[in-house]
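Chain A is the first sequence line, chain B the second, and so forth, proteins listed ahead of strands; every chain is numbered from 1. Model, not experiment: these values are computed from the prediction.
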Amino acid sequence: MQKPTLPKGTRDFGPEQMRKRLFIFNTIRQTFQRFGFQPLETPSMENLSTLTGKYGDEGDQLLFKILNSGDFAASLTDTDLQAGSKKLTPKIAEKGLRYDLTVPFARYVVMNRNALTMPFKRYQMQPVWRADRPQKGRYREFYQCDADVVGTDSLVCEAEIVLMIHEVFRNLGIQDFTLKLNNRKILAGIAEVIGVPGQEGLLSVAIDKLDKIGKEKVLDELRERGFSETAVAGLDPIFTFNELETNQVLEQLQTWLSASETAQQGIAELRETLQLVSQYGLTDSRVEIDPTLARGLSYYTGAIFEVKANGVSIGSVSGGGRYDNLTGAFGMPGLSGVGISFGVDRIYDVMEELSLFPASAGQGTQVLIVPFDREARTVGLPLLSKLREANIASEMYPDLTKVKKMLDYANAKAITYVVLIGSEEVQTGILSLKNMITGEQKKATTEEVLRLMQ
RNA sequence: GUGAUUGUAGCUCAGUUGGUUAGAGCGCCGGAUUGUGGUUCCGGAGGUCGCGGGUUCGAGCCCCGUCUUUCACCCCA
């Protein structure tokens with residue numbers, strides 16, 4: 001007999017973990033619904049043609065592919081085999097597991113374009129899969145919670161995302177976070193201004209590492225990637241934005257990038273977004289403008305968001321941005337969208353590390369009924385029904401066994417209250433209510449028990 | 001995909017230059033205690049030392065492969 005194991009990078013979630021995870025899911029769902037987003041689910045698997053080419057070369061590498069059903073290799077010929085593994089893949093795998101929730105959403109929008117009322121706002125909370133190598137805060141199967149709006153390019157949507165992020169993290173109890181904001185147009189403008197128009201992709205990848213590897217190494221990497229000395233030197237101003245107020249950052253950017261119309265547009269968008277946010281009345285904003293923020297996903301065209309929890313070494317817990325033409329890949333050009341994604345698994349890790357889960361998030365059964373004998377059930381069962389009618393999570397120990405064993409059960413399940421029922425309680429109708437934490441025990445009527453449990 | 005790293009009881013870990021029958025703490029089960037848990041005392045169960053091969057008279061320990069864990073790079077939630 002072999003020991004069972006899990007595939008690399010996947011996990012089981014036991015009852016205690018699940019209660020905490022549900023706390024996160026419920027908190028996020030609540031905010032999404034309050035902002036008018038509607039639920040959507042899409043299949044775990046998509047046609048590979050839907051997924052490939054949307055996440056860049058790196059992303060394509062990380063797609064989990066699904067072998068065709070049946071004898072997937074039956075129709076292969078010798079020429080197929082000799083053509084090499086790269087060309088073989090599409091012949092034996094037509095489907096893949098979804099890599100994120102945004103691309104399947106774009107696919108859904110295109111397929112249902114006639115039925116949807118624009119602007120269309122949806123939220124989606126489902127697992128995604130990436131064939132990455134697992135490490136801290138990185139899994140091969142993890143959950144994302146996305147909210148996206150398509151069919152409008154209004155910056156009100158960006159502002160609402162900023163608000164939702166604040167609401168979600170504050171409701172979760174994560175107070176110390178930073179919401180980094182940038183705009184792809186500013187990155188494009190920087191590339192223009194330093195004389196490498198269109199190269200913002202390469203540029204971004206290097207600049208994004210600034211706070212991790214430092215200025216010199218970023219410049220080295222750019223040189224390695226073929227950027228000229230003039231271009232590298234032209235980048236100097238970007239290293240001066242640290243610690244500046246958002247408005248100062250925007251002003252300096254405006255001066256530095258005055259030659260780029262694209263950049264000016266990006267700066268204007270950020271300005272307007274921030275103005276809208278302040279009109280909403282957001283207090284104690286955690287927004288920082290960070291011109292070095294890149295976000296790899298290749299489909300972003302406007303605003304880019306990233307959220308980091310401070311004080312823990314776990315990567316970003318949330319990310320998103322505006323994409324102007326994601327539906328174009330599916331034959332529906334000119335539809336702008338913007339969205340945000342919360343990484344549940346990383347949020348869990350952050351909250352666990354900082355001990356931020358409220359006690360109620362781990363709470364299961366509130367009351368355990370402990371019957372000493374068969375007769376006790378005649379009192380216990382009606383009580384159970386009343387407790388449940390009052391929406392109190394309750395259960396009765398099903399076996400007639402030693403009291404010790406039943407109380408051990410209550411302790412193991414962290415059940416705070418126990419109702420003890422023996423011959424005395426059956427005769428008098430007065431119950432014995434015990435608090436398992438304090439050890440205190442007192443007599444109480446059914447009504448009193450119900451009231452105390454509320 | 002590149003480079004490291006880990007694996008011994010349910011959990012956390014010992015295990016000497018390779019040497020008899022692989023240990024501890026916690027947890028679990030039973031009893032002291034047939035109407036009261038957490039404390040205490042007594043007893044008990046539980047291991048193919050990740051898996052496969054090799055070296056050796058002899059391997060938990062050395063070598064090779066493989067899976068797994070963790071970490072860095074790449075990239076990312």
Side-chain angles (χ1 to χ4, degrees), chain A residues 1-11 14 24 28 55-63 98-102 125-146 201 204-206 208-209 212-213 217 221 293-298 300 304-309 313-321 339-350 368 370-373 375-376 397 400-426 432-442:
Chain A
M1 229 206 355
Q2 59 168 17
K3 287 181 188 171
T5 54
L6 284 173
K8 190 198 281 272
T10 66
R11 289 114 354 115
I24 298 173
I28 295 172
Y55 309 108
D57 289 343
E58 295 275 352
D60 285 354
Q61 298 270 312
L62 297 177
L63 287 173
R98 74 165 97 77
Y99 178 92
D100 71 358
L101 301 178
T102 312
M125 315 206 298
Q126 290 187 275
V128 301
W129 294 269
R130 296 182 190 177
D132 219 339
R133 208 180 270 207
Q135 53 180 281
K136 187 169 191 182
R138 175 176 304 189
Y139 309 98
R140 288 185 143 182
E141 178 183 62
F142 60 97
Y143 278 73
Q144 292 193 324
C145 297
D146 280 34
S204 310
V205 176
D208 191 41
K209 296 177 194 165
K212 204 168 178 182
I213 62 177
K217 288 197 171 165
E221 185 167 332
L293 172 65
R295 293 290 79 205
L297 292 182
S298 43
Y300 291 130
I304 316 173
F305 306 95
E306 177 172 285
V307 182
K308 283 199 152 177
S313 57
I314 292 168
S316 55
V317 288
S318 187
I340 184 71
S341 179
F342 292 90
V344 173
D345 305 77
R346 284 189 178 175
I347 290 172
Y348 182 101
D349 290 344
V350 166
L368 176 73
V370 170
F372 290 162
D373 51 38
E375 198 59 25
Y397 198 88
L400 299 171
T401 180
K402 288 178 187 157
V403 177
K404 171 179 164 53
K405 188 155 184 173
M406 296 194 267
L407 295 182
D408 280 344
Y409 178 83
N411 282 330
K413 283 190 78 170
I415 300 171
T416 312
Y417 288 99
V418 163
V419 174
L420 300 153
I421 305 174
S423 54
E424 193 183 309
E425 284 78 7
V426 172
S432 297
L433 179 69
K434 186 181 180 76
N435 181 320
M436 295 297 283
I437 297 166
T438 62
E440 181 195 357
Q441 184 172 328
K442 62 182 172 190

* Provide the distance between the two C1' atoms, one in B:G7 and one in B:G60, to the nearest whole Å. => 11 Å
* Asked: Under 4.0 angstrom, heavy atoms only, what part of the nucleic acid is A:Phe342 near: base, sugar-phosphate, or nothing?
  -> nothing
* To do: Please work out if A:Ser318 contacts a base, only the sugar-phosphate, or nothing of the nucleic acid, heavy-atom cut-off 4.0 Å.
  => sugar-phosphate
* For A:Gln61 and A:Glu58, indicate whether the former's side chain and the latter's backbone hold a donor-acceptor pair under 3.5 Å. => no
* Nucleotide B:A77, atom P - distance to CD1 of A:Ile304 in whole Å -> 11 Å
* Report yes if a side-chain nitrogen or oxygen of A:Lys434 is closer than 4.0 Å to either non-bridging phosphate oxygen (OP1 or OP2) of B:G35; otherwise report no. => no
* Report which part of the nucleic acid A:Ser341 touches: base, sugar-phosphate, or nothing (heavy-atom distance under 4.0 Å, all strands). => nothing
* Whole-Å distance between B:U69 C1' and A:Arg11 CZ? -> 14 Å
* Asked: Can any side-chain N or O of A:Ser318 pair as donor or acceptor with the backbone N or O of A:Ser341 at less than 3.5 Å?
  -> yes
* Asked: Given side chains that start at C-beta, do those of A:Lys434 and A:Val370 come closer than 4.5 Å, heavy atoms only?
  -> no
* To do: Give one of base, sugar-phosphate or nothing for A:Gly439, where a contact means two heavy atoms less than 4.0 Å apart.
  => base
* **A:Met436, nearest nucleotide to its side chain (from B:G37, B:C75, B:C71)** => B:G37
* Asked: Ring stacking, A:Phe142 with base of B:A77, under 5.5 Å and under 30°?
  -> yes
* **Nearest-angstrom distance, P atom, B:U39 to B:C71** => 33 Å
* Asked: Between B:G30 and B:U55, how far is it from one P atom to the other, in whole Å?
  -> 49 Å
* Answer with yes or no whether A:Glu425 presents, from its side chain, a donor or acceptor under 3.5 Å of a partner atom in the base of B:G35. => yes
* State which of B:G37, B:C75, B:G30 makes the closest approach to the side chain of A:Lys405. => B:G30
* **Side chain of A:Lys404 - closest among B:G38, B:A77, B:C75** => B:G38
* Asked: Which part of the nucleic acid, if any, lies within contact of A:Ile340, taking any heavy atom under 4.0 Å across all strands shown: a base, the sugar-phosphate backbone alone, or nothing?
  -> nothing
* What integer distance in Å separates A:Gln135:CD from B:A77:P? -> 14 Å
* To do: Give the rounded distance in Å between these two atoms: CG of A:Leu62 and C1' of B:C74.
  => 9 Å
* Taking for each residue the nucleotide of RNA chain B bearing the nearest heavy atom, is the 5' side occupied by A:Gln441 or by A:Pro134? -> A:Gln441
* Hey, are the side chains of A:Met436 and A:Ile415 touching, using non-hydrogen atoms and a 4.5 Å cut-off? -> no
* To do: Pick base, sugar-phosphate or nothing for A:Val370, based on heavy-atom distances below 4.0 Å to the nucleic acid.
  => nothing
* **Side-chain heavy atoms of A:Arg130 within contact of A:Phe142, under 4.5 Å** => yes
* **B:G18 and B:C26, which share atom name P, separated by this distance in whole Å** => 32 Å
* Dot-bracket for RNA chain B: what is it, with Watson-Crick or G-U pairs under 3.5 Å, [ ] where a pair crosses earlier ones, and | for a pair to another strand? -> ((((..(..((((.....[...)))).(((((.......))))).....(((((..]....))))))..))))....
* Asked: Expressed in angstrom and rounded to an integer, what is the separation of A:Arg138 atom CZ from B:C74 atom P?
  -> 10 Å
* Which atoms form the tightest heavy-atom contact between A:Gln144 and A:Asp146, and what is the distance? -> CB-OD1, 3.6 Å
* To do: Tell whether A:Asn411 reaches the base of B:G37 with its side chain through a donor-acceptor pair below 3.5 angstrom.
  => yes
* Asked: Does A:Lys8 make a side-chain donor-acceptor contact with the base of B:U68, cut-off 3.5 Å?
  -> no
* Starting at atom CZ of A:Phe305, determine the distance to atom P of B:A77, rounded to an integer number of angstrom. => 14 Å
* Send over the distance from A:Asp408 CG to B:G27 P, rounded to a whole Å. => 12 Å
* Can you check whether A:Lys212 has a side-chain N or O nearer than 4.0 Å to OP1 or OP2 of B:C73? -> yes
* Structure fact -> Of A:Gly9 and A:Gly343, the one whose closest nucleotide on RNA chain B sits nearer the 5' end is A:Gly9
* Looking at every strand, decide which applies to A:Gly56 at a 4.0 Å heavy-atom threshold: base, sugar-phosphate, or nothing. => nothing
* Write down the distance separating the C1' atoms in B:C73 and B:C29, rounded off to the nearest Å. => 49 Å
* **Pair A:Ser423, A:Glu375: side-chain N/O donor-acceptor within cut-off below 3.5 Å** => no
* **Integer-rounded Å distance: B:U36 P and A:Asp373 CG** => 14 Å
* Asked: Looking at B:C75, does its base get a donor-acceptor pair with the side chain of A:Arg130 below 3.5 Å?
  -> no
* Scan A:Gly315 against the nucleic acid and name what it touches under 4.0 Å (heavy atoms): base, sugar-phosphate only, or nothing. => nothing
* When the C1' atoms of B:A59 and B:C64 are considered, how many whole Å apart are they? -> 15 Å
* Asked: Quick one: does A:Arg140's side chain have a donor or acceptor within less than 3.5 Å of a partner on A:Pro134's backbone?
  -> no
* **Under the salt bridge (charged side-chain N to carboxylate O under 4.0 Å, His left out) test, residues paired with A:Lys217 that sit two or more places apart** => none
* Does the side chain of A:Ile213 reach to within under 4.5 Å of the side chain of A:Glu221, using non-hydrogen atoms? -> yes
* To do: Between B:U70 and B:U33, how far apart are the C1' atoms? Round to whole Å, please.
  => 47 Å
* How many angstroms lie between atom CD1 of A:Ile347 and atom OH of A:Tyr143, to the nearest 0.5 angstrom? -> 14.5 Å
* Could you give the distance separating B:G46 and B:C28 at their C1' atoms, to the nearest angstrom? => 9 Å
* To do: Give one of base, sugar-phosphate or nothing for A:Lys209, where a contact means two heavy atoms less than 4.0 Å apart.
  => sugar-phosphate
Return the polar atom pairs (N/O with N/O) between nucleotides 2-9 of chain B and the protein under 3.5 Å, or none.
residue, atom, partner, partner atom, Å
B:U2, O4, A:Arg133, NE, 3.2
B:U2, O4, A:Arg133, NH1, 3.1
B:G3, O6, A:Arg133, NH1, 3.1

* **With A:Tyr417, the side-chain contact (heavy atoms from CB on, under 4.5 Å) member among A:Leu368, A:Leu433, A:Ile437** => A:Leu433
* Structure fact -> Among the nucleotides B:U36, B:A77, B:A72, whichever has the atom closest to the side chain of A:Phe372 is B:U36
* Report yes or no: does A:Arg346 contribute a side-chain atom to a donor-acceptor pair with the main-chain N or O of A:Gly137 at less than 3.5 Å? => yes
